[in-house]
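It should be emphasised that the depicted structure is a prediction, and the values quoted were computed from it without experimental measurement. First the proteins, then the strands, lettered A, B, ... as listed; each starts at 1.
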Amino acid sequence: MKILVCISHVPDTTSKINFTENDSKFDTNGVQFVINPFDEFALTRAMWFKEKQGATVTVVNVGTITSEPTLRKALAIGADNAIRVNTEATDGFAVAKELAEVVKNGGYDLILAGRESIDYNGEMVPGMLATILDYNFVNACIQLDIDGDKATVSREIDGGKEVLTSNLPLIIAGQKGLVEEKDLRIPNMRGIMMARKKPLTVVEPINSTPATSIVSFEKQAAKSACKIVDADNVEELISLLHNEAKVI
Amino acid sequence: MSVLVFAETSEGKFKKSNFEATSYGKKVAEQLGTNIVVLTINSSEPTQLYKYGAEKVLNVLNDNLKTFNAKVYADVIKQAAEKESAQVIIVDSSANGLYLAPIVAVDLNAGYASNVVALPSSVSPFTIKRKTFSNKAFNNTQITTEIKVIGLAKNSYGLHENEVSGTLEEFSPSLIESTLISQSVEQTTGKVTIADADIVVSGGRGLKGPENWGIIEDLAAVLGAATACSKPVSDLGWRPHSEHVGQTGKPVAANLYIAIGISGAIQHLAGVNSSKVKVVINTDPEAPFFKAADYGIVGDAFEVVPKLIEKLKEFKANNA
Ligand SMILES: Cc1cc2nc3c(=O)[nH]c(=O)nc-3n(C[C@H](O)[C@H](O)[C@H](O)COP(=O)(O)OP(=O)(O)OC[C@H]3O[C@@H](n4cnc5c(N)ncnc54)[C@H](O)[C@@H]3O)c2cc1C
């Protein structure tokens with residue numbers, strides 16, 4: 001089985017979010033970048049298939065040279081090789097078109113992605129990629145088993161879950177549940193050494209036209225101070241919620 | 001030209017988010033100087049949408065669409081969009097809405113903006129405000145394609161009544177085949193889900209163990225709220241994964257979010273910050289949640305919450 005894992009290179013969750021150039025660009029100064037947490041679930045599940053059922057695992061990122069350390073980290077975790085599509089990822093649709101080229105050229109059976117990236121929170125690339133390729137697609141995936149060329153997949157729905165079956169090829173957008181949190185991999189020294197020798201191929205983009213562009217950013221408005229209510233006076237909280245906040 | 005809203009039904013019925021998307025769609029249609037059409041599938045009460053401004057409702061009645069299939073539904077939306085020459089297509093942020101929208105966008109070669117929190121600030125160029133960086137900021141996105149797909153973030157626009165005398169039309173799209181087969185759907189019944197709840201009561205590691213969750217459930221019951229938890233709580237198996245809220249869990253955009261024994265780590269706040277009013281109950285006055293909350297009580301959950309439940313019961317009895 002040939003597996004492709006889509007890796008988004010995102011600011012670490014604790015990063016301070018600031019903007020530059022008249023609030024038109026994200027300020028990467030001092031920001032540490034990591035593998036998108038949702039993609040880590042996908043990568044870990046891919047490693048499981050590799051170890052238990054036999055598979056080769058390729059990781060892919062659409063991005064500039066700055067995302068290579070993130071791809072190396074995925075290699076250190078155990079992916080066999082990496083591909084970087086050499087263009088800035090500015091719009092989900094354009095990213096999906098670039099990824100579709102990679103899939104067409106690589107002939108993958110299974111494509112695993114994260115449900116969303118924690119920077120732009122688009123929740124769109126995997127579904128778009130699947131639609132461009134006309135592959136089956138399952139969003140918000142919390143379980144995935146493969147038997148031969150048949151997949152059994154669970155997805156989270158509002159207030160429950162749905163179990164689906166599909167033939168391969170298949171694209172899924174994973175989240176917590178796809179693997180247990182405790183099973184997430186971190187690179188060890190041996191992995192890091194080996195990752196240096198693994199192939200990281202840079203491919204040129206097809207330069208698809210984006211469908212959207214970000215014109216400016218805004219920070220959340222400053223919040224007024226928290227009103228502290230005395231622990232012995234819960235009636236006051238109820239009254240505030242009723243009369244002031246009008247939520248009960 | 002028109003604005004098309006997709007209003008999903010659950011056993012024939014609408015949810016609040018469908019009315020919110022319709023209210024929003026009506027306003028976008030006004031901004032564009034065009035009309036609104038709402039597409040719904042197997043609705044038993046389609047005319048309810050008139051109240052929120054739906055001038056025309058297309059109801060698809062087809063037993064083969066009883067089970068949701070994203071690709072098939074997306075194709076139905078595409079056919080409706082083509083029939084109505086829709087320029088803007090709006091979906092809500094239900095699990096199914098989020099699944100469908102990117103598919104619809106590709107099917108119609110449209111730009112898609114998800115997590116939208118406000119009306120377009122301009123319709124030419126079409127510019128729209130979205131949540132970004134896990135709720136730590138917003139971005140203003142221009143959609144440059146002729147057709148635009150908008151994913152409206154939950155509870156971001158609200159319900160706006162705008163009664164019209166609408167028209168109802170039956171719509172019979174052709175159905176494409178799908179090889180992605182639904183085997184079973186498990187739904188927790190009788191409980192308010194986090195996605196639909198106006199109020200969410202959430203517990204963290206401060207509750208010390210699953211045996212103490214009675215106070216969370218009782219508080220939720222008095223308020224008609226859904227229950228939730230922080231990540232370590234679900235990692236420890238005290239509560240099901242489906243209750244984990246935050247950046248890597250479920251997002252919460254409720255009217256009222258009550259956090260009990262939750263420190264308010266940045267990853268937790270990222271997922272719950274879009275809630276309108278936040279209340280924190282925590283023994284530690286230095287807990288970061290106090291910076292993010294609107295109201296707070298510094299105190300022991302095991303003393304404060306039972307008192308709160310009792311007083312809320314009195315309040316509810318007096319305000320019934
Ligand atoms: C990549 C990444 C993603 C993450 N995603 C999420 C996420 O989606 N959601 C999430 O929740 N976390 C997430 N986390 C974890 C997050 O950083 C925190 O560890 C977590 O939110 C802490 O949970 P907690 O507040 O319940 O527990 P703790 O940090 O242990 O805090 C417990 C709180 O309870 C208070 N307390 C103790 N006893 C009492 C009492 N008797 N009465 C009242 N208060 C009491 C304490 O003062 C303390 O503030 C993520 C972390 C990472 C690295």
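Atom CD of B:Gln267 is separated from atom OG1 of A:Thr14 by 7.0 Å, given to the nearest 0.5 angstrom.
Neither the backbone nor the side chain of A:Ser117 comes within contact range of chain B; no heavy atom of the residue lies under 4.5 Å from a heavy atom of that chain. Of the atoms belonging to B:Ala110, it is backbone heavy atoms, and not side-chain ones, that fall under 4.5 Å from chain A. Only the side chain of B:Lys129 comes within contact range of chain A, with heavy atoms under 4.5 Å apart. When heavy atoms are compared at a cutoff of 4.5 Å, B:Phe133 approaches chain A by way of both its backbone and its side chain. Heavy atoms of B:Asp294 lying under 4.5 Å from chain A belong to its backbone as well as its side chain.
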Could you check A:Thr131 against B:Asp107 for side chain to side chain donor-acceptor pair (under 3.5 Å), going step by step and ending with a plain yes or no? CA-CA 7 Å; A:Thr131 311; B:Asp107 280 347; 5.5 Å; no
For side chain to side chain donor-acceptor pair (under 3.5 Å), just list the numbers for A:Glu218 and B:Asn140, CA-CA rounded to whole Å, side-chain angles, deciding distance to a tenth of an Å, and then say yes or no. CA-CA 8 Å; A:Glu218 290 171 34; B:Asn140 294 298; 3.0 Å; yes
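The contact list for residues 27-37 of chain A toward chain B, using heavy atoms and a distance under 4.5 Å, reads A:Pro37 by residue number.
Sorted by first and then second residue, the ring-ring contact (aromatic ring centres under 6.0 Å, His included) pairs involving residues 149-175 of chain A (not counting sequence neighbours) form an empty list.
Within 6.0 Å of NZ in B:Lys16 there are more than 12 heavy atoms belonging to other residues, nucleotides or ligands.
With respect to the salt-bridge test (charged N to carboxylate O, under 4.0 angstrom), the residues B:Lys250 and A:Asp158 do not qualify.
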